Amino acid sequence: MPALPQHVALIMDGNGRWAARRGLPRIEGHRRGAGALLGLVSCAARDGVKTLTVFGFSTENWHRPPQEVEGLMALLRHYLKAEVTELHTNNVLLRVIGDRAALPPDIVTLIQDAEALTAGNAGLVLVVALNYGGRADILRACQRLAAAGGPWREDALAGHLYTAGLPPPDLLIRTAGERRLSNFLLWDLAYTELHFTDVLWPDFGEADWRAALADFARRERRFGGLGT
Ligand code: FPP
């Protein structure tokens, strides 16, 4: 059986371009992107992937026009209210990583409720990064480790990251042709296989998911050693 990634990280890029090509407002691209994400959650759960970590909103995304930021927050609000029951029914455990302090207070409450509702689920772990930045995550972990007085070991530092307790991603997928990490999960991606596709995120479907898994299965992972 080909190797299956246990943990997949995802940068859902290209929503804006998808909308622009159709003469639609950018938020329409995000709306379609959110739909594509729900589709991927189903595929990943069905195929036995254990964890899916997606970049929903970066610390840099605040620099977008207020209208787009507000649109993304409204979308998030909608999904946290309307779609969480569906995720819960499908046994998905939701976990949000990133700095919640800057998020609208009602969204913080919705996140807490959704995490509490799904905390006991044993299916796919869906990790949504919101107001997340990889460098900020590492800096925060260092501060917390210093406050704890060490020990100054890699595993101890990892235990203070937002992603504490999660295995590192085996595969990162980024859509829409960009080939960069954009400050996502910098510590965790050290040995992750990278898969890039030109497909714009709202168009990413089952065939693209299969192609990413097939690409992963062809990789030889040596983790700095010589392999077998
Ligand atoms: C990148 O496309 C996408 C985002 C910045 C947001 C991703 C959000 C979703 C898929 C919707 C789900 C919502 C949340 C908040 C979980 P882009 O706007 O950078 O596209 P472009 O590069 O073509 O402009």
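All values below were derived from every heavy atom in this structure, side-chain atoms included, with hydrogens, water molecules and symmetry-related copies excluded. All values reported here derive from a predicted model rather than from experimental measurement.
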Heavy atoms, side chains only, cut-off 4.5 Å: are [X] and [Y] in contact?
X	Y	result
Thr53	Leu185	yes
Thr51	Val8	no
Pro169	Asp188	yes
Phe216	Leu194	no
Leu76	Leu130	yes

Can you name the closest pair of heavy atoms from [X] and [Y] and give their distance?
X	Y	result
Glu115	Val96	OE2-N, 2.7 Å
Trp18	Gly29	CE3-CA, 3.8 Å
Asn91	Asn121	O-CB, 3.2 Å
Ala176	Arg17	O-NH1, 3.0 Å
Ala158	Trp187	CB-NE1, 3.9 Å
Leu75	Ala34	CD2-CB, 4.4 Å

- Kindly determine whether Asp47 and Arg210 satisfy salt bridge (charged side-chain N to carboxylate O under 4.0 Å, His left out), including the steps that lead there. CA-CA 10 Å; Asp47 290 347; Arg210 298 235 153 280; 3.7 Å; yes
- Task: Using a cut-off of 6.0 Å, state whether more than 12 heavy atoms not belonging to Arg135 lie near its atom CZ.
- Result: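 Count not over threshold, so no.
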- Message: Can you confirm whether Glu178 is buried at CD, in the sense that more than 12 heavy atoms of other residues, nucleotides or ligands lie under 6.0 Å from that atom?
- Response: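 Buried by this count: over 12 neighbours within 6.0 Å.
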Main-chain N/O of [Y] paired to [X] side chain as donor or acceptor, under 3.5 Å:
X	Y	value
Arg32	Glu28	no
Asp137	Tyr162	yes
Thr118	Leu94	yes
Thr175	Asp13	yes
Asn183	Gly134	yes
Arg46	Val41	no
Arg95	Leu93	no
Asn131	Asp99	yes
Asp170	His7	yes
Trp201	Gly33	yes

- Passes side chain to side chain contact (heavy atoms under 4.5 Å, CB included), Arg77 versus Leu110? Steps please. CA-CA 8 Å; Arg77 205 171 267 122; Leu110 288 168; 3.8 Å; yes
- Salt bridge check: are Glu220 and Arg222 linked by an N-O gap of less than 4.0 Å?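 Salt bridge: yes.
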- Can Arg174 and Ser182 be counted as having a side-chain donor-acceptor contact under 3.5 angstrom?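 Judged by distance alone, the side chains do pair up.
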- Query: Taking atom types as modelled and ignoring hydrogens, do the side chains of Gln143 and His160 form a donor-acceptor contact shorter than 3.5 angstrom?
  - Reply: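 There is no such pair (donor and acceptor under 3.5 Å, judged by atom type) between the side chains of Gln143 and His160.
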- For side chain to side chain contact (heavy atoms under 4.5 Å, CB included), just list the numbers for Asn61 and Val69, CA-CA rounded to whole Å, side-chain angles, deciding distance to a tenth of an Å, and then say yes or no. CA-CA 8 Å; Asn61 285 153; Val69 172; over 6 Å; no
- Tell me, please, whether Trp62 has Arg64 positioned over its six-membered ring: NZ or CZ under 6.0 Å from the ring centre and within 45 degrees of its axis?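 Geometry flag: not set, cation outside 6.0 Å or 45°.
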- Task: Please lay out, stage by stage, how Val128 and Phe55 fare under the test side chain to side chain contact (heavy atoms under 4.5 Å, CB included).
- Result: CA-CA 6 Å; Val128 182; Phe55 212 174; over 6 Å; no
